[in-house]
Number of protein chains: 2
Amino acid sequence: MTAQDDQLDAVGVNADQRSAAGAERPIPDATVARLAVYLRALSGLVETGIATVSSESLAAAAGVNSAKLRKDLSYLGSYGVRGVGYDVALLLEQIRATLGLNEDRAVALIGVGHLGQALAGYAGFATRGFQIAALFDADPAVVGSQLRGLRVLHVDLLEQVVRAERVAIAVIAVPAAGAQDVCNRLVAAGVTSILNFAPVVLAVPAHVDVRKVDLAAEMQILSFHDSRKSARAEDAQARFSDEQPFRPGSGDASVSMAAAK
Amino acid sequence: MTAQDDQLDAVGVNADQRSAAGAERPIPDATVARLAVYLRALSGLVETGIATVSSESLAAAAGVNSAKLRKDLSYLGSYGVRGVGYDVALLLEQIRATLGLNEDRAVALIGVGHLGQALAGYAGFATRGFQIAALFDADPAVVGSQLRGLRVLHVDLLEQVVRAERVAIAVIAVPAAGAQDVCNRLVAAGVTSILNFAPVVLAVPAHVDVRKVDLAAEMQILSFHDSRKSARAEDAQARFSDEQPFRPGSGDASVSMAAAK
DNA sequence: ACGCCCTTGTGAAGGCATTCACAAAATCGA
DNA sequence: TCGATTTTGTGAATGCCTTCACAAGGGCGT
């Protein structure tokens, strides 16, 4: 009973890039979603100074099964050495290249409320090839203020700036009511990839990718599983919290592996 | 080329609740993830005063294919009327019941930075059966402050309050470095459902559900697709933005349907 | 009452993704 | 040089989910 896996799977943007980009065998959506996780795990290893890693231990760090990891990596080519493992730096670079993280991409962030500010401040942004090109908001109270070295622009300037800065990816962090409108304007200005935090299903033309992060949905999914848990086993539950409290940091393999399905 | 579908699918927590809860046929994870979306679409219809809806139009509103929607709903039982459609209010209630949204659940939020504040302020929280029972932070500067009618508690009180308030679901919105520690303490205090915003793979015992919201991963997936787009068709791209700008609000069915795969 | 039309609910088929399990490759020690 | 050992890369099997396509069911007009 764990989320990690499916979480990634469902995340995949849809089909149709399948026939694109060269004659190499197409990379499944589910795999693309996991590459990001491997990337993070590898970054961790680099910092620890580990130069080589086996599929088994990298899989453990990423919370997946090792066969899956090897199959995922095999879509990128053969970068492992049998009997040894993968070169951490090399693999990291290959994944970065595959995800297109080497060319940096201009990102526009629309909506500078708490969420927007949290996103703007997220370190993973700058460090991973994403460069915030512009911040927008509709509220006159925040327009003009400085945030992370950028001035917040009025959303009326959206089309103009998006075109000028060649923004490829936009992040929508505005209230639900304004999201579709912002989305339409982004698309009209040439944006083809959107990350949407507003709780609405955006309508877009077919050539635009939308990914949605939906807090309410996440909570409701947890609620579903939680209600099933309490339904059965009122006793098993009691056993867990009273007799067998989970001891953090026990280093037990069965524990750290739990996320791997 | 659209995200919606897979996004949901991947979201599903894993297996093993399959055999649980009654003799009814088990609800697939992918379906559970979409129920939340249907719920939102239905809420919209209720506000518009629409009393009955066909699978076709509800599917359009939710951005999925109508056969999928019908199959999803069929897991809940037979609440539609052939030749007519679904009663909006009834269906809404059934979905709420299925997701366990009727009994309200105590939620603890750990980490009250920008992200935490955004989450605490999210309206969908209170209105949908989730009740924030406690806010925690480690920073003395914010501990004691008032937020949404709740006082921010020091994270040292976590175990104590979580047990006392019978918190079922916890939301982790702390920096990566502190996340595993907070997670361990939550699990030790009896929490079995966790929504994690920190960019780390949490290790948890098997009976705990973890769902992760990963901004960096989302961005990287968009990046991947975006780089494929610019790789092929430098010209098709030009055609889109110059000759055929997307006209918002055209009401074109092919547009609003784009999200449905 | 009856037949027409609409929409649901669902077997069956097909497509992806995960998992299994093993042959192929590479190192290391003797 | 050779065999033992380790770990990758991948065909094959399995399983889940989606999509198709249609029979069954229900309202409505006449």
Side-chain angles (χ1 to χ4, degrees), chain A residues 2 4-19 24-35 52-60 62-87 90-91 94 260-261, chain B residues 2 4-19 25-35 38 52-60 62-88 90-91 94 257 260-261:
Chain A
T2 302
Q4 314 298 41
D5 312 299
D6 314 273
Q7 200 133 1
L8 295 172
D9 310 350
V11 146
V13 170
N14 225 318
D16 130 291
Q17 78 286 4
R18 243 168 268 294
S19 56
E24 299 112 21
R25 112 187 112 161
I27 303 181
D29 292 333
T31 293
V32 173
R34 281 187 298 265
L35 288 179
T52 287
V53 66
S54 70
S55 65
E56 198 66 51
S57 51
L58 182 54
V64 304
N65 152 331
S66 72
K68 197 192 291 190
L69 176 106
R70 286 199 301 278
K71 180 144 290 203
D72 284 342
L73 296 185
S74 76
Y75 290 108
L76 314 194
S78 240
Y79 297 108
V81 179
R82 292 169 194 236
V84 176
Y86 299 88
D87 180 281
L90 173 62
L91 187 53
Q94 286 304 329
K261 159 85 197 207
Chain B
T2 302
Q4 314 298 39
D5 313 299
D6 314 271
Q7 199 133 2
L8 295 172
D9 310 351
V11 145
V13 170
N14 225 318
D16 127 293
Q17 78 287 4
R18 244 168 267 295
S19 56
R25 116 186 109 160
I27 302 182
D29 292 333
T31 293
V32 173
R34 281 187 299 264
L35 288 179
Y38 303 154
T52 287
V53 67
S54 70
S55 65
E56 198 66 49
S57 50
L58 181 54
V64 303
N65 152 329
S66 72
K68 197 192 289 189
L69 175 103
R70 287 199 301 278
K71 180 143 289 197
D72 284 342
L73 296 184
S74 76
Y75 290 107
L76 314 193
S78 240
Y79 296 108
V81 179
R82 293 172 193 235
V84 177
Y86 299 88
D87 181 282
V88 173
L90 173 62
L91 187 54
Q94 287 304 328
M257 293 282 41
K261 159 88 197 201

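Given the structure is predicted, the values throughout are model-derived calculations rather than measurements. In what follows, chains carry the letters A, B, and so on, assigned in the order in which the sequence lines appear, proteins first and then strands, with residues in each chain numbered from 1.
Taking atom CG of residue Leu69(A) and atom C1' of nucleotide dC20(C), one finds them 16 Å apart after rounding to whole Å. In this structure, Lys71(B) places its NZ atom 9 Å from C1' of dT19(D), rounding to the nearest Å. In this structure, CG of Asn65(A) is placed 6 Å from P of dC20(C), rounded to the nearest angstrom. Spacing between atom CG of Asp87(A) and atom P of dA26(C) amounts to 15 Å, rounded to whole angstrom units. For Asp29(B) and dG15(D), the CG to C1' distance is 13 Å, given to the nearest whole Å. We find that CG of Leu73(B) is positioned 16 Å from C1' of dC17(D), with the value rounded to whole Å. Arg25(B) has its CZ atom 10 Å from the P atom of dG9(C), to the nearest Å. If you measure from atom CD1 of Ile27(B) to atom C1' of dT18(D), you get 17 Å, rounded to the nearest angstrom.
Residues Ile27(A) and Leu76(A) approach most closely at CD1-CD2, 4.0 Å, considering heavy atoms. In terms of heavy-atom proximity, Ser66(A) sits nearest to Ser55(A) at CB-O, 3.9 Å. The shortest heavy-atom contact between Leu58(B) and Val53(B) is N-CG2, 3.8 Å.
In the interface, the side chain of Arg82(B) is not paired with the base of dT7(C) through any donor and acceptor atom under 3.5 Å apart.
Here Arg70(B) does not reach the OP1 or OP2 of dG11(C): none of its side-chain N or O atoms lies under 4.0 Å away. For dT7(D), the OP1/OP2 oxygens have no side-chain nitrogen or oxygen of Ser55(A) closer than 4.0 Å. When the side-chain nitrogen and oxygen atoms of Ser54(B) are compared with OP1 and OP2 of dT7(C), none of them lie within a distance under 4.0 Å. Dashed line: the shortest gap from a side-chain N or O of Tyr86(A) to OP1 or OP2 of dG9(D) is under 4.0 Å. OP1 or OP2 of dT19(C) sits under 4.0 Å from a side-chain N or O of Lys68(A).
Comparing Val81(A) and Thr31(A), the nucleotide of DNA chain C nearest to each residue sits closer to the 5' end for Thr31(A).
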Next on the checklist: Determine whether Tyr79(A) and Leu73(A) satisfy the following criterion, side chain to side chain contact (heavy atoms under 4.5 Å, CB included), listing intermediate values before the conclusion.
Outcome noted: CA-CA 8 Å; Tyr79(A) 297 108; Leu73(A) 296 185; over 6 Å; no

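When distances run from any side-chain atom of Ala67(B) to the nucleotides dC17(D), dA26(C), dA21(D), the shortest one goes to dA21(D). Taking every side-chain heavy atom of Ala30(A) into account, dT18(C) is the closest of dT18(C), dT19(D), dC20(C).
Taking the C1' atoms of five terminal pairs at each end of the helix from dA1(C)-dT30(D) to dA30(C)-dT1(D), the two resulting helix axes are inclined by 0°, rounded to 10°.
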